[in-house]
K.L.:
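Input: one structure, supplied below.
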Amino acid sequence: MECWQALRFLAPPWCAACNLPFEFDRGEGALCGVCLASAPRHGGVRAAVAYGAVARRLALKLKYGGRIGVAATMAMMMARTLPVDADLLIPVPLHRSRLWTRGYNQALLIARAVAKRTGLPVDFTALIRIRRTAALKGVNGRQRQRTVAGAFRVIDRAAVAGRHIVLVDDVFTSGATANACTLALLNAGAVKVTIACWARVIDGDGDVSTDIVSH
């Protein structure tokens, strides 16, 4: 049995732009240092828990261990974090070569489980990954952004235009993948993109394994 007491659940107070949790309430509209320097294109990162040993083990069980039931556990904790005005869930897509190898997309499993709890629809065909990208382990932020730039494409603009999209993934690390997906969705007419994930890496949480950061 996982040690649930070791999980750090995320909630306000947090950055008004990216939802990075604060240690104390800084007042309405307060921004973290990163967002003060450069506001994100997305509408925030709604993570259920902070990345840590237990959160990582669960993510790996789902991603590579075939424990697909873990998605329902994650969704139970993620559903409480979603924005009330969300219209549509879209999972971060896998490249077809990784999908053939793994057999399933863990982000889609999570999205479907979240949909069961919230009633929000899921679309797993509107956004696709058109290029397989290298693992992001050990590279800096700019290199990560370059690696995933142009790797995603919206093929059904009508599905996303004018809608508040919730982009679903397992773990939010540097934000490079989420930012690339967000840019594709906004360029296709989405009015807002919020990131929803199981766990978010917080400064000081340590390195994330290659198994986590590669899709």
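Side chains included, hydrogens not; waters and symmetry mates left out as well; all remaining heavy atoms used.
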K.L.:
Against the six-membered ring of Phe124, is Arg112 placed for a cation-pi contact (under 6.0 Å from the centre, within 45° of the normal)?
P.N.:
yes
K.L.:
Is any side-chain heavy atom of Thr194 closer than 4.5 Å to a side-chain heavy atom of Arg46?
P.N.:
yes
K.L.:
For the residue pair Leu94 and Arg102, establish whether any side-chain heavy-atom pair is separated by less than 4.5 Å.
P.N.:
yes
K.L.:
Determine whether Pro21 and Pro13 make a side-chain contact, defined as any pair of heavy atoms from C-beta on separated by less than 4.5 Å.
P.N.:
no
K.L.:
So, Thr125 versus Asp123: side-chain donor-acceptor pair below 3.5 Å or not?
P.N.:
yes
K.L.:
Decide yes or no for Gln106 and Tyr64: does some side-chain heavy atom of the first lie under 4.5 Å from some side-chain heavy atom of the second?
P.N.:
no
K.L.:
Find out whether Met78 and Ile110 are in side-chain contact, i.e. whether some heavy atom of one side chain is under 4.5 Å from a heavy atom of the other.
P.N.:
yes
K.L.:
Is there a side-chain contact between Phe22 and Cys15, using heavy atoms and a 4.5 Å cut-off?
P.N.:
yes
K.L.:
Just wondering, more than 12 heavy atoms not from Arg96 lying within 6.0 Å of its CZ?
P.N.:
no
K.L.:
Side-chain donor-acceptor pair under 3.5 Å between His164 and Asp87, yes or no?
P.N.:
no
K.L.:
Would you find more than 12 non-hydrogen atoms of other residues, nucleotides or ligands less than 6.0 Å from Leu31 atom CG?
P.N.:
yes
K.L.:
Could you grab the distance from atom SG of Cys32 to atom CZ of Arg26, nearest 0.5 Å is fine?
P.N.:
8.0 Å
K.L.:
Under a 4.5 Å cut-off applied to non-hydrogen side-chain atoms, are Leu109 and Met74 in contact?
P.N.:
no
K.L.:
Do Leu89 and Ile165 touch side chain to side chain, with heavy atoms closer than 4.5 Å?
P.N.:
no
K.L.:
Go through the steps to decide whether Val45 and Cys197 satisfy the test side chain to side chain contact (heavy atoms under 4.5 Å, CB included), and finish with yes or no.
P.N.:
CA-CA 8 Å; Val45 181; Cys197 59; 4.1 Å; yes
K.L.:
Determine, using the 4.5 Å side-chain heavy-atom cutoff (strictly less than), whether Val201 and Val34 are members of one ILVMFWY cluster.
P.N.:
no
